[in-house]
Each structure stands twice: as structure tokens, then as C-alpha cells.
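What follows is a short report on a single structure.
Basis for what follows: all heavy atoms, side chains included, without hydrogens, waters or symmetry-related copies. Computed from a predicted structure; not experimentally measured.
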Amino acid sequence: VLLGAALVIALSSGARWVERGFQSVAPGEAGLVVSKFTGTTRIVSPGSHFLPGSFYVLTRMRVSDQLLSGPAATFTVPTRDGFAVGLVIQARWALDRGQLLARWAGLPADPGTEVVGPVLASAFRALAPEYDAPSLLASKREELAARATKQAGERLAEAGIVLKDVLVGDLKLPAEFERGRLALLEQSQLVERTEANLRFKKQEIEQQRL
């Protein structure tokens, strides 16, 4: 009886140990498995895997596309005419699965905020002084975004990050530029009104002469 009870307890404990040994990796993630005995690392695909905690350490890394937005994607850049223009961008990026084994140990907990955002801000600030504020407002923001994406993408690739695309969602001009623009607009409207009055007076004079 005692032997049978011990066998039942052993089988029950073994079943629970086996059940606890299965760990899952969600879709869109890659599992980095480190052996506690040999120190070797391998990648497992999404699904359930038998990885007992006493033998292995499983780290889940998201490899699907992620979006950088909010405060981490908001910064100011200098322009050729001396203005500080605020940019609000959206960047789509992902971890490079092919470089995950070599790069994962050097990645911070939040690569988007700590790596992608600063690298993009640096690229925009390096290229923005080639443009003036009116041209960025009118038609050059897409060109600037494309050039910054290319430059930042090359640097991020070295860290094992793929930069998919970058969009400039908003461009905020400084208050002094806006005041100057409104003053120029008002002056232009004044000139147009003056020219219209002159044309009207000229028509009146022609009518009186006739």
C-alpha cells in the first residue's frame, strides 16, 4: 500500500512538473531560450514548448511591427532661417528576427522609446537645417521625412532594428513665425484691396469721361 501510494504521489508530482514545464510564446513574438547549464541560446517560434524553468530561461521578444508615437515621437528641429520647428511623427518599426540572437542582450527594455525615438530625432535635427520653415510648411516635409528615415534606418539596422516607415503627422511653427506670416498675409490683403479700389476708381473716371 505504501509503495503504491508513493508511486501515485510520484506520478502526480511528475505530471505537474511536466505540465509546469510547458511555456508558450504568443503570435508576433519570438522566444529566446537560454540553457542554464550550457549557456547556449536559441530562438523558438510561437507556440507551446517544453522548457522547464529549472533547465531553461525563456525571454519573450515582440518581433511584429510596433508604432512609435506620443512624447517619444515629438521633438523640435532647427531650420535654415533660424526657427525652431516642432515635429510630431509616427514611425513603424520592428526587431530584426535575423539579428535577434546577436543583438538582444544589448537592447533596452523599451527599444522604441530608448533607441528608435532618439535616433530619429538626431536624423531630423541633422537634416532640417538644409530647409527653411516656409518650405517645410508648404511642400518639403515628405522629402525631409524620407531622408531622415534612410539615415536613421541605417543606424538602427546596426542595432538589430528595422525601420519600416516614418510619417510627419504635424508641424508646429514658432509663435514669432506665425505672427510674421499673419502680418505678411494682412499686408498682402491690404495691397489687393488697394489695387481693387484703384481699379474701381479708374472705372469710375472712365465712365465720367465717357
Side-chain angles (χ1 to χ4, degrees), residues 23-36 38-49 51 53 55-80 84-131 133 135-137 139-172:
Q23 301 190 58
S24 61
V25 178
E29 294 180 339
L32 286 158
V33 181
V34 181
S35 172
K36 290 184 177 180
T38 63
T40 57
T41 306
R42 60 189 174 94
I43 295 179
V44 295
S45 57
S48 183
H49 305 273
L51 300 168
F55 300 143
Y56 302 100
V57 175
L58 174 65
T59 302
R60 299 170 180 85
M61 303 287 288
R62 179 176 172 180
V63 292
S64 59
D65 288 359
Q66 302 186 53
L67 186 66
L68 178 73
S69 59
T74 303
F75 46 84
T76 59
V77 297
T79 59
R80 184 168 55 195
V85 176
L87 290 181
V88 180
I89 66 170
Q90 286 188 339
R92 188 166 60 92
W93 62 278
L95 295 178
D96 187 351
R97 184 186 175 91
Q99 298 190 59
L100 206 53
L101 277 177
R103 305 293 185 183
W104 74 276
L107 289 173
D110 186 358
T113 301
E114 300 182 43
V115 180
V116 179
V119 169
L120 273 171
S122 176
F124 271 96
R125 291 188 179 115
L127 295 170
E130 300 179 17
Y131 302 87
S135 66
L136 287 178
L137 182 65
S139 60
K140 294 295 185 179
R141 66 175 70 182
E142 289 80 9
E143 178 183 314
L144 174 61
R147 293 180 63 194
T149 301
K150 183 177 183 299
Q151 181 173 311
E154 294 173 353
R155 292 181 58 190
L156 290 172
E158 299 174 359
I161 297 173
V162 180
L163 183 62
K164 303 293 185 69
D165 54 59
V166 179
L167 298 176
V168 178
D170 192 15
L171 191 149
K172 299 178 180 179

For S139, what residues pass the side chain to side chain donor-acceptor pair (under 3.5 Å) criterion, not counting sequence neighbours?
none
Check S69 against Q90 and note the closest heavy-atom contact, atom names and distance.
CB-CG, 4.3 Å
Would you say L167 and I89 make side-chain contact, with heavy atoms under 4.5 Å?
no
Within-4.5 Å side-chain heavy-atom neighbours: V25 and L58
yes
Is the backbone of S24 close enough, under 3.5 Å, to the side chain of R60 for a donor and an acceptor to pair up by distance?
yes
To the nearest 0.5 Å, how far apart are CD in E142 and CG in L136?
10.0 Å
Exercise: identify the closest heavy-atom pair between R141 and L171
NH2-CB, 3.8 Å
Is a side-chain donor or acceptor of R125 paired with a backbone partner of T76 at a separation under 3.5 angstrom?
yes
Heavy-atom side-chain contact between L163 and L120 under 4.5 Å:
yes
Rounded to the nearest 0.5 Å, how far does OG1 of T74 lie from CG of L87?
9.0 Å
Nearest 0.5 angstrom please: I161 CD1 to L107 CG, how far?
5.5 Å
Whether over 12 other heavy atoms sit under 6.0 Å from K164 NZ:
yes
When you compare the side chain of Q23 with that of Y56, does any pair of heavy atoms fall below 4.5 Å?
no
Taking it one step at a time, do Y131 and E143 satisfy side chain to side chain donor-acceptor pair (under 3.5 Å)?
CA-CA 10 Å; Y131 302 87; E143 178 183 314; 2.7 Å; yes
Other residues, nucleotides and ligands only: do more than 12 of their heavy atoms fall within 6.0 Å of NZ on K36?
yes
V63 versus A30, closest heavy-atom pair with distance
CG1-CB, 3.8 Å
Check whether any side-chain heavy atom of H49 lies under 4.5 Å from a side-chain heavy atom of V33, and answer yes or no.
no
Can you give me the closest heavy-atom contact between G160 and R103, atom names plus distance?
CA-CG, 4.0 Å
To the nearest 0.5 Å, tell me how far R147 CZ sits from K140 NZ.
10.0 Å
E158 versus E154: any side-chain heavy-atom pair under 4.5 Å?
no
For S122 versus R155, what's the shortest heavy-atom pair and its separation?
OG-NH1, 3.5 Å
Nearest heavy-atom approach of P129 to R80 is O-CB, 3.2 Å
Any Q66 side-chain heavy atom under 4.5 Å of P111 side chain
no
So which pairs with a foot in residues 85-96 pass salt bridge (Lys or Arg N to Asp or Glu O under 4.0 Å), sequence neighbours left out?
D65-R92, R92-D165
Is any side-chain heavy atom of L95 closer than 4.5 Å to a side-chain heavy atom of Q99?
no
